Amino acid sequence: MTPSPLTIGLGVLPLYYFGTVDYGRTTGILSGVRMVLSAAAPVSIVFVSERAGAAILFLLGAAGTAAETMALLSRLAPPTREEPAS
């Protein structure tokens, strides 16, 4: 069974952006947040869709928040080192 690109990305991207220092802690925090949000998503969609049909606006707000979070994380990542020329 071959690993999916999502599985590879979840393991490699934190290592690339945050380095080897505290890699386990960083991936644990990211996994914990992902699991909480995955568990809360169905409940929140049902709650919002029952209230005035504003599910589309809620989803747009959630997507905007996710985009802002990714932008903030990219600013927090240390600058990458260039490989020496061979």
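These numbers come from a predicted model, not from an experiment.
A 4.5 Å side-chain heavy-atom check between Tyr23 and Thr27 finds at least one atom pair inside the cut-off. Side-chain contact check for Arg25 versus Ile29: some heavy-atom pair is nearer than 4.5 Å.
Phe18 and Leu15 fall into different hydrophobic clusters, where Ile, Leu, Val, Met, Phe, Trp and Tyr residues are linked whenever their side-chain heavy atoms come under 4.5 Å apart, directly or through other members. A continuous path of hydrophobic side-chain contacts links Leu73 to Leu13 [ILVMFWY only; heavy atoms under 4.5 Å].
Rounding to the nearest 0.5 Å places CE of Met70 at 13.5 Å from OG1 of Thr65.
Nearest heavy-atom pair, Gly9 versus Pro14, reported as atom, atom and distance to 0.1 Å: O-CD, 3.7 Å.
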